[in-house]
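Working notes, beginning with the structure itself.
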Number of protein chains: 2
Amino acid sequence: MSQTWLGIREEVHRRLRDGEWKPGDLIPSEAALSDEFNCARATVNRALQSLAEQGLLERKRKAGTRVAATPVPKAMFQIPLLRAEVEARGSTYRYLLLKKSRRKAPRNISARMKLESAANLLHIKALHFSGDTPYCLEDRWINPDVVDGLSDVDFSQTSANEFLLRNIPYTQGELSLGAREANAEHAELLDIPETSALFEMNRSTWLDGLPVTTVTLLFPPGYTLSTTL
Amino acid sequence: MSQTWLGIREEVHRRLRDGEWKPGDLIPSEAALSDEFNCARATVNRALQSLAEQGLLERKRKAGTRVAATPVPKAMFQIPLLRAEVEARGSTYRYLLLKKSRRKAPRNISARMKLESAANLLHIKALHFSGDTPYCLEDRWINPDVVDGLSDVDFSQTSANEFLLRNIPYTQGELSLGAREANAEHAELLDIPETSALFEMNRSTWLDGLPVTTVTLLFPPGYTLSTTL
DNA sequence: TAGAATATATTGTCTATACATATTCCAAGT
DNA sequence: ACTTGGAATATGTATAGACAATATATTCTA
């Protein structure tokens, strides 16, 4: 009776669900399981690695595989590419550059980018539309020392969001989500009442330790980020 | 020159970053790459699968591997287990049951749970504290037909969040994040001004097609969900 | 020419084996 | 007791070979 790695993952998953193996327990070794399921060890390995990636198991060489003490569920989200997201909903995407200037980064920005010296950065503000309604307000800082060909790009047509996601690589990044009350400027630009609750997404990226860009995206009420578990 | 799958992933990743292979392009077959890197095909396979999981590549049998047209980054988030999250920050966790009743599910709830008939559900409201400050407001509906031993649990001590995450399995789930303006009730319970922007997390789960539970967690301003890319 | 059958290329997965690497455990020596 | 060193063990990964599954491309047939 030969098994597929998906089948084995499913069976192990069931044992975890049913409490046959409880949090903190050491489960049988790959060798033992490959014997039980009558398959190669590599197949068991594939299944267990998959469950470990999801955070249900913790594996250590020699120490064996144990059920995660606090099985923290993990969820994958797709980071929106604004144009694609709008067009996927059948609306026409439009983009408006509000501001583009070169200036010293304020404190909070250089902190977010982990900049030592207050470098001269490119600051961009832009609005993204879905049809005629504002979809997202973008506030971005770019490090011109790291981004090649930046001066060639006139951000009145291509959005910085798109340009950077498509062309500029990064090796590390941080992403955080939260909520923020709209201020007067937000309210006017996004065409919503003041005090509305905005969905906020912050992303910063680095290339080999050098800060590339940091951006805040603000979405008007009603926007949701969804995924399946 | 034998290679590791991580090394190959890194090299392929570099070629994507540097634009040697552009979005939409077909990249060489596993056989060709394993030849170039002088390693087994399985090793290349491991590397490419890893990149495909991250959304950078799209693979199809016979059709080959191509660079994702719109490389949508994906990010993994850890779903908070409230107690663990609070304690990890060094605060003491406290929990207060506000309401527990059995009633017919209102429209929006049965829609969210994809319930056909308006079943009799258990409705729970609770507050989670970090030290003395409210940390999260929980509003949950539970399907007693699916959750075993529900009547044995007195939710005044154990939070429903904890009980369900630890004991009740599910096979499918949905998760969505958003922002919402606080109303009078939220403001009072969370001890914040009205009109504050709350971070909202909705989770619903099913077990083999049967609805298990749906919950809304509301977090006061300042709460963020973070991850690294 | 259009549609159906067939060939073919590419990824998906399994097997068996081997060695690498990290970690635990125990025994020996101080 | 304490350290040190090695043996044992579980996972991590690489290899070669095989077959399966699935698109695509080609050829055949009506």
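The figures here come from the full heavy-atom set of this structure, side chains too, leaving out hydrogens, waters and symmetry mates. Here is how names work: the chains are called A, B, and so on, in the same order as the sequence lines, proteins then strands, and each is numbered from 1. Note that the structure is predicted; figures quoted are calculated from it, not measured.
We find that CD of A:E30 is positioned 11 Å from C1' of D:dT13, with the value rounded to whole Å. The CG-C1' distance, from B:L33 to C:dT10, rounds to 12 Å in whole Å. As a whole-Å value, the separation of A:L26 CG from D:dT11 C1' is 12 Å. Between the CD atom of A:E58 and the C1' atom of C:dT23 there is a distance of 16 Å, rounded to whole Å. As a whole-Å value, the separation of B:R66 CZ from C:dT11 C1' is 14 Å. Whole-Å rounding puts the B:I27 CD1 to C:dT10 P distance at 12 Å. In this structure, A:R46 places its CZ atom 16 Å from C1' of D:dA14, rounding to the nearest Å. The interatomic distance linking B:L48 (CG) with C:dT10 (P) rounds to 14 Å, in whole Å.
Comparing A:K62 and A:R41 along DNA chain D, the residue whose closest nucleotide (by nearest heavy atom) sits nearer the 5' end is A:K62.
Side chain of A:R59, nearest nucleotide from C:dT11, D:dG12, D:dT11: D:dG12.
At least one side-chain heavy atom of B:L48 sits under 4.5 Å from a side-chain heavy atom of B:L33.
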Derivation and outcome, side chain to side chain contact (heavy atoms under 4.5 Å, CB included), residues A:D139 and A:W141
CA-CA 7 Å; A:D139 186 320; A:W141 295 80; 3.6 Å; yes

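Counting distance only, with no hydrogens placed and no angle test, the side-chain atoms of B:R61 and the base atoms of C:dT11 include a donor-acceptor pair under 3.5 Å.
Side chains of B:R140 and B:T213: a donor on one and an acceptor on the other come within 3.5 Å.
A salt bridge links A:E20 with A:R14; the closest basic N to acidic carboxylate O contact falls under 4.0 Å.
Within the 4.0 Å cut-off from OP1 or OP2 of C:dT11, not a single side-chain nitrogen or oxygen of B:Q49 is found. An OP1 or OP2 oxygen of D:dT15 is reached within less than 4.0 angstrom by a side-chain nitrogen or oxygen of B:T43. Contact annotation: A:N45 side-chain N/O to D:dT13 OP1/OP2 distance is not under 4.0 Å. Taking only side-chain nitrogens and oxygens, A:T65 comes nearer than 4.0 Å to OP1 or OP2 of D:dT11.
Figure legend: B:R83 and B:Y93 shown without cation-pi pairing, the cationic atom not lying both under 6.0 angstrom from the six-membered ring centre and within 45 degrees of its axis.
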